[in-house]
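A short worksheet on the structure shown next.
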Amino acid sequence: MDAIGHRRLQWIGFAVMAVAFATMALVPGITHEVAPFLVVYGISFFFIEFGPNCTTFVIPAEVFPTSIRTTGHGMAAGVGKFGAFVGTFVFPFISAEGGIKGAMLFSSGVAILGVILTKLTLPEPSGKTLEALGGEDATAHAVAGPASPSGHLVEISPQA
């Protein structure tokens, strides 16, 4: 994940999902042909799992400061589960009203919204320590003092 980037992995996943769902909605007869449908569905499923499904567990654990990390992660998980509940409840109504085409276009729109929100709101936590992400590097350095090249703390004498 660090090599690709958490944020990039999430928005690429949402983008491919949007294209796959739009393909299912807009290509005539694709939902009635087994092989093409399985290819498009398989691509969408892979990028759901490899992208947003994976990053929704990792990013919240990294972007909140230590003092509120568990609360922030818990709230993020709760909001995600509430969204899953709403989606599960609303999806049959969308399908009944717009059929498969309407449901897939709606899903594509939600995935596009995921791309936009990911790009606009999330920081990139890849390659950073949890202390740096939480803005705690300066505090830890000020309390403990600088480390010597060997990694041991150097005693700081007060300046006159």
Side-chain angles (χ1 to χ4, degrees), residues 1-27 30-141 143:
M1 286 182 73
D2 277 343
I4 296 171
H6 300 61
R7 190 172 152 219
R8 178 183 297 155
L9 187 62
Q10 182 161 308
W11 73 257
I12 288 172
F14 276 129
V16 174
M17 288 165 51
V19 170
F21 296 148
T23 301
M24 286 184 228
L26 301 174
V27 173
I30 196 166
T31 57
H32 302 296
E33 298 294 329
V34 175
F37 176 76
L38 283 179
V39 169
V40 174
Y41 176 78
I43 290 169
S44 74
F45 190 74
F46 176 80
F47 279 93
I48 289 168
E49 297 301 319
F50 186 63
N53 188 49
C54 186
T55 57
T56 55
F57 295 103
V58 175
I59 291 175
E62 295 180 332
V63 298
F64 292 105
T66 304
S67 61
I68 62 164
R69 186 165 289 142
T70 54
T71 302
H73 193 265
M75 292 201 48
V79 168
K81 285 169 182 48
F82 179 72
F85 164 76
V86 170
T88 302
F89 181 75
V90 171
F91 197 81
F93 296 108
I94 294 168
S95 295
E97 189 67 30
I100 292 174
K101 181 177 182 174
M104 290 297 101
L105 285 175
F106 177 79
S107 297
S108 182
V110 170
I112 290 168
L113 185 63
V115 171
I116 293 167
L117 289 174
T118 297
K119 289 226 170 223
L120 293 178
T121 63
L122 289 180
E124 177 54 72
S126 294
K128 298 176 185 164
T129 66
L130 292 176
E131 291 79 16
L133 290 166
E136 298 157 359
D137 269 355
T139 306
H141 183 74
V143 171

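Residue indices begin at 1 and follow the sequence shown. Please read these numbers as outputs of a predicted model, since none were measured by experiment.
- More than 12 heavy atoms of other residues, nucleotides or ligands shown are found within 6.0 angstrom of CZ on Arg69.
- With rounding to the nearest 0.5 Å, the separation of OG1 in Thr31 from CZ in Phe37 is 7.0 Å.
- Here the closest heavy-atom approach between residue Ile94 and residue Ala103 is recorded as CG2-CA, 3.8 Å.
- When the shell of 6.0 Å around CD1 of Ile100 is examined, it contains 12 or fewer heavy atoms from other residues, nucleotides or ligands.
- If you take CD on Glu62 and CD on Glu124, they are separated by 9.0 Å, rounding to the nearest 0.5 Å.
- The CE atom of Met104 sits 7.0 Å away from the OG atom of Ser95 when rounded to the nearest 0.5 Å.
- Under 3.5 Å, the side chains of Thr55 and His6 contain no donor-acceptor pair of N or O atoms.
- Of the candidates Ile116, Val110, Val115, Ile116 is the only one forming a side-chain contact (heavy atoms from CB on, under 4.5 Å) with Ile112.
- Between Phe50 and Phe47, the ring-plane angle classifies as perpendicular under the 30° and 60° cut-offs.
- Between the His73 side chain and the Phe57 main chain, a donor and an acceptor come within less than 3.5 Å of each other.
- Residues Arg8 and Thr118 form no side-chain contact, since every pair of their non-hydrogen atoms from C-beta on lies 4.5 Å or further apart.
- Separation of atoms OG (Ser126) and CG (Leu9) is listed at 8.5 Å; rounding is to 0.5 Å.
- Under a 3.5 Å cut-off, the side chain of Arg7 and the backbone N or O of Leu122 do form a donor-acceptor pair.
- Residues Pro52 and Met17 have side chains in contact (heavy-atom distance under 4.5 Å, counting atoms from C-beta outward).
- Shortest non-hydrogen contact noted between Ile59 and Pro125 is CG1-CG, 4.5 Å.
- For Ser44 (side chain) and Tyr41 (main-chain N/O), a donor-acceptor pair under 3.5 Å exists by modelled atom type.
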